[in-house]
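Comments concern the structure below.
Convention: sequence-line order gives letters A, B, ...; per-chain numbering from 1.
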Number of protein chains: 2
Amino acid sequence: MASPVVFVVDDDISVRESLEALLRHEGWQTEIFESAQSFLACPRPLTPSCLILDVNLPDLNGLELQERIRSDGAQIPIVFLTGYGDVPMTVRAMKAGACEFLTKPFDNDVLLAAVRGAIERSREALADESRTRLLQDRFASLSGRERDVMKLVAKGLLNKQVGHELGISEITVKAHRGKVMQKMQARSFADLVNMAAKLGLAPPRRD
Amino acid sequence: MASPVVFVVDDDISVRESLEALLRHEGWQTEIFESAQSFLACPRPLTPSCLILDVNLPDLNGLELQERIRSDGAQIPIVFLTGYGDVPMTVRAMKAGACEFLTKPFDNDVLLAAVRGAIERSREALADESRTRLLQDRFASLSGRERDVMKLVAKGLLNKQVGHELGISEITVKAHRGKVMQKMQARSFADLVNMAAKLGLAPPRRD
DNA sequence: ACCCGGCCGACACCAAAGTATGATGGAGTC
DNA sequence: GACTCCATCATACTTTGGTGTCGGCCGGGT
């Protein structure tokens with residue numbers, strides 16, 4: 001696996017340089033930016049990664065950048081690192097999912113531990129995302145009718161009931177169902193149910 | 001539904017009194033304590049509730065109390081309210097699951113909003129917990145063999161395979177399986193699979 | 001000693017699921 | 001027009017699932 005990438009966005013040149021040296025020494029790739037915009041222009045890697053982010057930046061501030069990243073759908077773990085941190089700012093960052101919130105001057109070991117944690121989190125997120133994407137792709141490869149059938153059978157309806165629900169015959173349901181099992185690569189019906197749950201189909205129960 | 005309960009733990013008498021008045025005025029029940037120990041001695045209610053917690057307390061400090069509550073298994077949302085808050089303290093509290101972290105002097109509206117959020121979170125947590133407990137109770141009512149069978153069928157094995165796995169005949173598996181469906185009150189096999197997932201049985205997949 | 005419940009199994013029967021083959025018609029593409 | 005894909009249905013057959021009743025074995029408790 002390619003080595004993880006640590007992004008750094010900070011407007012202080014001396015911080016950027018010392019961070020870069022520190023991070024490279026630990027064996028991580030680094031990508032350094034001095035503004036939010038230049039970071040946003042850079043593509044996300046497919047390896048585990050994290051972002052060390054200052055709050056005070058020339059253009060967008062750190063918290064706004066965090067929000068922007070979230071709304072873009074990318075979920076890269078963020079370690080804040082700021083010279084002027086107060087409590088409300090910390091709360092906002094943490095509630096928005098920040099991994100850590102450190103203040104300058106920072107302790108090297110503390111920062112490195114935080115980055116390690118963030119990378120680990122990223123690794124898990126990527127793994128989970130790839131699993132989810134795989135399922136979504138398979139689901140997308142289903143035809144409209146097959147999707148209908150999958151939703152209903154995953155909800156626990158019998159083939160006969162599904163047929164009645166959709167206004168088609170039971171035998172046709174079976175045909176679609178077979179196709180669904182193939183295309184979703186489900187080894188068993190239990191498998192399919194779990195997939196449906198992960199895809200957000202079929203509300204679990206409503207007793 | 002009984003009205004929510006707001007617990008307050010603060011060593012400052014004037015804060016306690018003003019909070020009590022404010023909270024009661026909003027229609028919540030209140031339980032006021034001046035130390036962590038006296039709070040711990042008080043039983044948890046079964047209605048939605050939350051805790052407004054100062055960090056500086058005579059005995060245990062707020063963060064330690066938070067940790068203690070978590071390890072006790074109770075999950076009551078916590079709104080911190082402290083006079084001397086710094087960034088590391090805030091990070092620690094938020095990472096440990098705190099709902100909010102406010103500093104004195106506090107704004108009434110902000111506090112009330114935080115409490116409302118915490119109560120809502122508690123409501124959801126209670127609902128989820130009661131659903132989970134229901135399932136656990138049902139699962140606990142199964143005999144040992146029935147549990148075995150449930151695990152395996154929820155994993156997607158056929159009755160025949162389950163029988164082979166357990167060294168019993170297929171017909172016996174069917175009997176156990178029928179019992180499981182009854183006792184778990186599963187309307188369909190899909191239902192049972194979802195229950196198994198919520199109970200943490202049957203690892204989803206490992207392609 | 002007795003009963004109860006868990007556990008195992010068998011026979012029978014029916015419902016449901018899964019598969020194979022074949023066929024029709026429509027939509028869209030090359 | 002030939003081709004592909006989707007959707008639909010049918011017939012026939014096999015496997016699996018679900019239920020019922022019956023019986024036997026064993027261990028714990030009244």
Side-chain angles (χ1 to χ4, degrees), chain A residues 134-197 199 201-202 204-205 207, chain B residues 135-199 201-202 204-205 207:
Chain A
L134 194 63
L135 284 190
Q136 285 171 340
D137 288 349
R138 288 177 188 166
F139 187 67
S141 80
L142 299 183
S143 71
R145 253 329 192 211
E146 287 161 357
R147 272 191 280 273
D148 294 341
V149 170
M150 176 166 169
K151 286 177 198 165
L152 295 178
V153 299
K155 211 192 287 183
L157 297 195
L158 302 179
N159 287 343
K160 193 182 300 186
Q161 298 173 307
V162 174
H164 183 262
E165 193 83 14
L166 299 177
I168 60 181
S169 78
E170 183 187 349
I171 193 72
T172 306
V173 174
K174 285 187 183 180
H176 290 315
R177 185 170 180 159
K179 268 290 192 186
V180 168
M181 293 295 286
Q182 278 181 232
K183 290 190 180 177
M184 296 300 291
Q185 296 177 39
R187 296 191 194 334
S188 64
F189 180 61
D191 240 24
L192 192 74
V193 172
N194 283 322
M195 289 179 182
L199 285 169
L201 318 175
R205 290 221 62 202
D207 268 9
Chain B
L135 283 191
Q136 285 171 338
D137 287 350
R138 287 178 189 166
F139 187 67
S141 81
L142 299 182
S143 72
R145 253 334 191 206
E146 286 160 357
R147 271 191 281 272
D148 294 340
V149 170
M150 175 166 170
K151 286 177 198 165
L152 295 178
V153 298
K155 210 191 291 183
L157 296 195
L158 303 178
N159 287 341
K160 192 182 298 185
Q161 297 172 307
V162 174
H164 184 262
E165 194 83 13
L166 299 177
I168 61 181
S169 77
E170 181 187 350
I171 191 75
T172 306
V173 174
K174 287 187 183 180
H176 289 314
R177 185 172 180 157
K179 267 291 193 186
V180 168
M181 293 295 287
Q182 277 180 232
K183 289 190 179 177
M184 295 302 290
Q185 296 178 38
R187 298 192 194 326
S188 64
F189 180 60
D191 239 26
L192 193 73
V193 173
N194 283 322
M195 289 179 183
K198 206 164 299 179
L199 284 170
L201 318 176
R205 293 225 56 205
D207 267 7

List the steps and the verdict of side-chain contact (heavy atoms from CB on, under 4.5 Å) for A:Asp191 and A:Met184. CA-CA 9 Å; A:Asp191 240 24; A:Met184 296 300 291; over 6 Å; no
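- In this structure, B:Arg187 places its CZ atom 20 Å from C1' of D:dG17, rounding to the nearest Å.
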Along nucleotides 9-23 of chain C, 5' to 3', which nucleotides get a B, which get an S, and which get a -, given that the test is a protein heavy-atom distance under 4.0 Å? BBBB---SBBB----
Give the intermediate values and the outcome of side-chain contact (heavy atoms from CB on, under 4.5 Å) for residues A:Phe189 and A:Arg177. CA-CA 10 Å; A:Phe189 180 61; A:Arg177 185 170 180 159; 3.3 Å; yes
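- Under the side-chain contact (heavy atoms from CB on, under 4.5 Å) rule, B:Val162 has a single partner from B:Thr172, B:Ile168, B:Leu152, which is B:Leu152.
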Check against side-chain contact (heavy atoms from CB on, under 4.5 Å), B:His176 and B:Glu146: CA-CA 5 Å; B:His176 289 314; B:Glu146 286 160 357; 4.0 Å; yes
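- One interatomic measurement links the two molecules: CG of A:Leu166 to C1' of D:dT8, which rounds to 12 Å at whole-angstrom precision.
- Side-chain N or O atoms of B:Arg138 include none that pairs as donor or acceptor with a backbone N or O of B:Lys183 at under 3.5 Å.
- Between C:dC8 and B:His176, a contact under 4.0 Å exists linking OP1 or OP2 to a side-chain N or O.
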